[in-house]
Amino acid sequence: MAKPRIAVFSGPRSTIANTPTLVTSNKGRNADEPQIEGRFDHLVPQRLHEPVRVRIAKFSAHPLESDAAEVYYDDGKEYYEVELRPEDGAYLLPYMARRADGSADGTPFEDADLTNAAVNYGGRQTFFPDASRLFENIDRGLAGRGHDGAASELDRIADYDFVRVLPPAGYTKQGETAGRDFFPYSPRPLGKFLSNAAMARAVNIVQQTIDSGQYDGFIWLEGSPHVEETLYWLSIVLDTDLPFVGISSQRAHGTLANDGDRNIVDAARYITSGLGAGLGAVGIVDEQIFAARTFKKGDARPGGYRATGGHGGVLGSAGETVRVWFRPAYRTTGTSEVAVKGLPSEVTFQEYGDSAASVSVRIKDDDGSLRGDAIAPVHMVKYGHYMAEEDTADPDVEVDIMARVERGLAQQASDEPGAPRFHGFVLEGAAGTGSSLPSQVAALAIAVYSGMPVARVSRGDPEGAMPPNANDLTIEGSNLDAIKARVLLRAAMLRLGRLPKARDPRNPTAQEREAALAAIARYQELFDTH
């Protein structure tokens, strides 16, 4: 019987696919060079160049093996002899490589290279370009064996294909460049962040993989602070009923007590358990199954994730046995109303509130892929107590909001290729009510009458839904935090487009206000159900 097949996506800035830098072992250092302190030389997984026969001392795998010597077969020798081959996979061996520096035999690689601009911060990459080597290392048991004492934990669960979407490392000799083709975070001076358009690229590659019909489930690897954002995005824009899991790691692969390897195994077990149907996208870390909508990092440590929203969010547990206790009631993946696959190539909306005339914006290319310029820049505005510079409702004191509105309108009118056509705001207001400064309210009203929707959420970790207000110019963000509301607002604009504008955004007419409120109500339906 064929094993299940899982597609594994490499996402950006992912610690789960990162390793410590390769430092030259003491066996590769000259006697007059600095030595690494400690009683043992360190070892790194590497492949043999050719077969070699070795003798392994008996009773050396555990301190009490010799205490049970009578249960061992005795062939009269004090050792086992075995041939190790390159095709066996990586073995833990001293790292002998040295950095070229113009001298006769080079110099040792050091961890300090990562902070040294003179050597281009080491000139090497620590991230894996895809997850194939990561999965091989896990199956080899290099970081630990299964509870049954054997290796090949992942191979015994499923078969895997590895897909580079927004990977954390790249093949520079093949023309790939950081910030365009791959996205690391270290060495820190060379770290790269992502643009709005990267969200479209992720959707296109992942949905195309889903549509191939070759897979029983999907795993997404990304950095621990950001996986919550991408996973929620994918949970509302992908069209699939198959299990989709986002995972991360608080510690790099190959480091002491790395948690990512176990998260990968748990994700594979969850996908093949048959219990993921109808749950939509989930995050699995530290043996907990989180709904993508409520998944949030609270601290940079194993166990540092939690569920936001105040009403659950941990759907089950994943480990040797997978259990699902709760199922979400909101729309996700196969039931989402903003899934990109079901959206038309163009979104049509009312251009001005005093006219029935509509305008269309193309959001897909001819091949059906989502366009990068369809992803809206959404600016975040935060309210805090004691932050008013003066007691005023003058919108012009909110220079950041007004500048963003002006920039957005200029981009909408631009003929420049790639200029975004949609823009929005998220207001993180006071806890519970989402209230904010009168000047912020006035400035964001101008944004609304400029066609830019505004979602309003509570500060911090909301534990309840925003109070509804049909006459408010903002979309109440339910119990979403600001980051998740920003994600949903971007997806909603792909379906609904811009809000109807006022001819004079500072002085809208009653008709223009009613048109804006009617359009906001359609946005509200999506926020209430996703």
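Heavy atoms only: backbone and side chains are in, while hydrogens, waters and symmetry mates are out.
No side-chain donor from either of Ser249 and Asn263 sits under 3.5 Å from a side-chain acceptor of the other. Thr126 and Thr19 share no side-chain donor-acceptor pair at under 3.5 Å. A donor atom on one side chain and an acceptor atom on the other are not found under 3.5 Å apart for Ser478 and Tyr330. No hydrogens or angles considered: a donor-acceptor pair under 3.5 Å links the side chains of His253 and Asn137.
Under the rule for a ring-ring contact (aromatic ring centres under 6.0 Å, His included), Tyr79 has no partner lying at least two apart in sequence or in another chain. Applying the ring-ring contact (aromatic ring centres under 6.0 Å, His included) rule to Phe127 yields the partners Tyr185; only residues at least two apart in sequence or on another chain are considered. Residues satisfying the salt bridge (charged side-chain N to carboxylate O under 4.0 Å, His left out) criterion with Arg188, sequence neighbours excluded, are absent altogether. Annotation: salt bridge (charged side-chain N to carboxylate O under 4.0 Å, His left out) contacts of Asp299 (sequence neighbours excluded): Arg301. In this view, Arg269 and Glu153, Asp266, Glu320 satisfy the salt bridge (charged side-chain N to carboxylate O under 4.0 Å, His left out) rule, not counting sequence neighbours. Take Phe527 and apply the ring-ring contact (aromatic ring centres under 6.0 Å, His included) test, not counting sequence neighbours, and it matches no residue. Contacts of Tyr72 classified as ring-ring contact (aromatic ring centres under 6.0 Å, His included), with partners at least two apart in sequence or in another chain: Phe59. With sequence neighbours left out, Asp461 forms a side chain to side chain donor-acceptor pair (under 3.5 Å) with Arg306. With sequence neighbours left out, the side-chain contact (heavy atoms from CB on, under 4.5 Å) criterion links Asp239 to Gln207, Ala339, Lys341. Residues satisfying the salt bridge (charged side-chain N to carboxylate O under 4.0 Å, His left out) test with Glu176, not counting sequence neighbours, are Arg164.
The residue from Arg486, Arg459, Lys296 that alone fulfils the side-chain hydrogen bond (donor to acceptor under 3.5 Å, both in side chains) condition with Asp481 is Lys296.
Ion pairing between a basic and an acidic side chain is recognised when a charged N comes within 4.0 Å of a carboxylate O; Arg47 and Glu136 show such pairing. Look at Asp75 and Lys77 and you find no salt bridge, because none of the NZ, NE, NH1 or NH2 atoms lies under 4.0 Å from a carboxylate O.
Although no hydrogens or angles enter the test, the distance criterion places a donor-acceptor pair under 3.5 Å between the side chain of Asn258 and the main chain of Gly260. Under the 3.5 Å distance criterion, the side-chain polar atoms of His311 are matched with a main-chain donor or acceptor of Glu463. Judged purely by atom type and a 3.5 angstrom limit, Arg293 uses its side chain to pair as donor or acceptor with the backbone of His530. With Asp159 contributing its side chain and Arg5 its backbone, the two residues share no donor-acceptor pair below 3.5 Å. Counting only distance, with no hydrogens or angles, the side chain of Arg85 and the backbone of Leu48 share no donor-acceptor pair below 3.5 Å.
A cation-pi geometry, defined here as NZ or CZ lying under 6.0 Å from the six-membered ring centre and within 45° of its normal, holds between Arg124 and Phe109.
Sequence neighbours left out, the pairs with a member in residues 217-226 that pass side chain to side chain donor-acceptor pair (under 3.5 Å) are Trp220-Glu222, Glu222-Thr230, Ser224-Gln250, Ser224-Lys297.
A ring-centre distance under 6.0 Å is found for Phe295 and Tyr305.
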Would you give me the side-chain donor-acceptor pairs under 3.5 Å for residues 284-292, sequence neighbours excluded?
residue, atom, partner, partner atom, Å
Asp286, OD2, Gly303, N, 2.7

